[in-house]
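Please read these numbers as outputs of a predicted model, since none were measured by experiment. One is the number of the first residue; the rest follow in order along the sequence. Remember, it's 1-based here, ligands and their atoms both numbered in the order they're listed.
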Amino acid sequence: MVRKTLIAGNWKMNGLLEDGVALAKGVALEVKKAARKDCEFLICPPFTLLMSAKKAIKGSKTMLGAQDCHFDAKGAHTGDVSPQMLKDIGCQYVILGHSERRTDHGETNELIAKKAKSAIEAGLKVIICIGETEKERDEGKTINVCTTQIMGSVPENSTAQNTVIAYEPVWAIGTGKTPTANEVEEVHAAIRKVVSKKLGRANANKMRILYGGSMKPSNAKELLALPDVDGGLIGGASLKVADFIAISEACRQ
Ligand code: 13P
C-alpha cells in the first residue's frame, strides 16, 4: 500500500504581499529542484495571497490550498469565501476544522462536515483537522475525542482520493512540544480504524493521515517514518523555505 507523502504548509494568518510571494517562489524553486516523485507539496496561504501565490508557484509541482471555506456556493455571507471561488482561482485543497477555527470561531463537527461535503462537491480535496487538548490527553480521552471528531466532521462523500485527515494535538501546535513517536503512531493507527468503520477498509487503507503540531526538521524524520503517518501539516516551519524543504527531505521512499 503506497500512500504518497503530502508535505503541506499552513501559513495561517501570516504573510504580506512581498514576503508571501517570496516564500511561495522559494518553495516552488526548491520543489522543482528536488523533483520528487514520492512526495507532494502543498502551500496554504491566507486568502489575500492565493492569487499571487498561484502565479509564484506556476510551473512547479507545488499545489495551492486555502485554510477555510463556507458551505454555500454563493450568496449573502459577508466575509466568507465559497469552495467554488477557491476552485475557480486554482486551489486544489482546503483545510477545514483546524483547531484554531474550532476555538476562534466555534466551529462544530457538524459545520465542518457540511463545509467538507460542499468543498468535495465543488471538486476540492479537503484536509480535515482533528486532535485533543492537553486536558483531554491527560484524562486519557485522546482516542475518544479523535473518534468523535472523525465520525462527526468527515462527510459521507469522503473518499481516500478527496479527503486527508490531519491529526494535530492542540497542545502541540506552536508550542515546540510533540507526543512521542509511539503516541503519534498509536493515534494514527486508531484514526485509520475509525475511518475504516466510517468509510470502509479500502478508503482507510488509502487515505492519508498527516501529523501536525511543532513538526520541524529535527523531529520530521522520526515522525514521517511511522507506518501510519503519511505526511505533515506544518505551521511555523512552513514559513521558512529551508525548514519546509528540510522536513520533506526527512522522508525519502
Ligand atoms: P505548528 O507547526 O506551528 O505547530 O502548527 C501546526 C498547525 O497548526 C498546522 O496546521
Side-chain angles (χ1 to χ4, degrees), residues 5-15 19-20 23-24 27 40-47 49-50 53 62-69 91-105 107 112 115-116 119 124-134 136-137 142 145-146 149-150 153-154 163-181 183-184 187-188 191 208-224 226 229-251:
T5 303
L6 177 61
I7 300 295
N10 175 9
W11 293 10
K12 308 192 179 184
M13 197 172 72
N14 290 296
D19 39 295
L23 177 56
V27 169
E40 293 181 341
F41 293 85
L42 168 70
I43 55 169
C44 300
F47 289 130
L49 289 175
L50 286 174
T62 314
M63 299 183 291
L64 186 68
Q67 300 171 18
D68 180 46
C69 68
C91 286
Q92 287 119 303
Y93 278 86
V94 61
I95 298 171
L96 292 171
H98 192 282
S99 66
E100 286 148 17
R101 292 209 60 87
R102 292 179 189 258
T103 308
D104 294 355
H105 299 274
E107 291 198 6
I112 294 156
K115 289 181 175 196
L124 293 170
K125 295 183 182 189
V126 296
I127 299 180
I128 299 176
C129 303
I130 60 163
E132 82 287 359
T133 61
E134 188 151 37
E136 287 162 344
R137 174 160 285 264
T142 299
V145 168
C146 292
Q149 288 177 333
I150 294 167
S153 54
V154 174
T163 301
V164 174
I165 307 275
Y167 169 56
E168 302 203 308
V170 179
W171 53 274
I173 296 176
T175 59
K177 294 193 270 182
T178 55
T180 64
E183 286 166 343
V184 171
V187 180
H188 278 236
I191 291 170
R208 289 179 292 184
I209 306 173
L210 312 184
Y211 171 79
S214 298
M215 188 181 265
K216 45 189 182 231
S218 58
N219 61 21
K221 194 165 187 171
E222 189 181 24
L223 293 166
L224 293 171
L226 297 167
V229 173
D230 308 309
L233 184 56
I234 302 141
S238 75
L239 300 174
K240 290 196 190 121
V241 177
D243 284 357
F244 188 59
I245 297 301
I247 289 173
S248 73
E249 289 296 331
C251 69

Can you find an N/O atom of [X] closer than 3.5 Å to an N/O atom of ligand 1?
X      : value
Glu100 : no
Gly236 : yes
Leu233 : no
Ala237 : no
Thr175 : no

Atom pair [atom1] ([X]) and [atom2] ([Y]), whose distance is rounded to the nearest 0.5 Å:
X      : Y      : atom1 : atom2 : value
Asn10  : Ile234 : CG    : CD1   : 10.0 Å
Glu100 : Met13  : CD    : CE    : 10.0 Å
Ile130 : Ser99  : CD1   : OG    : 11.5 Å

>> Suppose we measure from atom 2 (O) of ligand 1 to each protein heavy atom; which comes out shortest, and what is that distance?
In response: Gly235 N, 2.9 Å
> Do Leu50 and Pro45 come close enough that some side-chain heavy atom pair is under 4.5 Å?
Replying inline: yes
>> Side chains of Glu168 and His98: any donor to acceptor distance under 3.5 Å?
In response: yes
> Which part of Ile173 is near ligand 1, with near meaning a heavy atom under 4.0 Å away: side chain, backbone, both or neither?
Replying inline: both
> Counting only heavy atoms, which portion of Glu168 has something under 4.0 Å from ligand 1: side chain, backbone, both, or neither?
Replying inline: side chain
> Quick one: which of Leu210, Val154, Val126 gives a side-chain contact (heavy atoms from CB on, under 4.5 Å) with Ile165?
Replying inline: Val154
Considering only heavy atoms of [X], which atoms of ligand 1 have at least one such atom less than 4.0 Å away?
X      : value
Ser214 : 1 (P), 2 (O), 4 (O)
Gly213 : 4 (O), 6 (C)
His98  : 7 (C), 8 (O), 9 (C), 10 (O)

> Measuring from the heavy atoms of Lys12, does anything fall under 4.0 Å of ligand 1?
Replying inline: yes
> Short question: side chain of Gln67, backbone of Cys44 - any donor-acceptor pair under 3.5 Å?
Replying inline: yes
> Angle class for the Tyr211/His188 ring planes (parallel below 30°, perpendicular above 60°, tilted otherwise)?
Replying inline: tilted
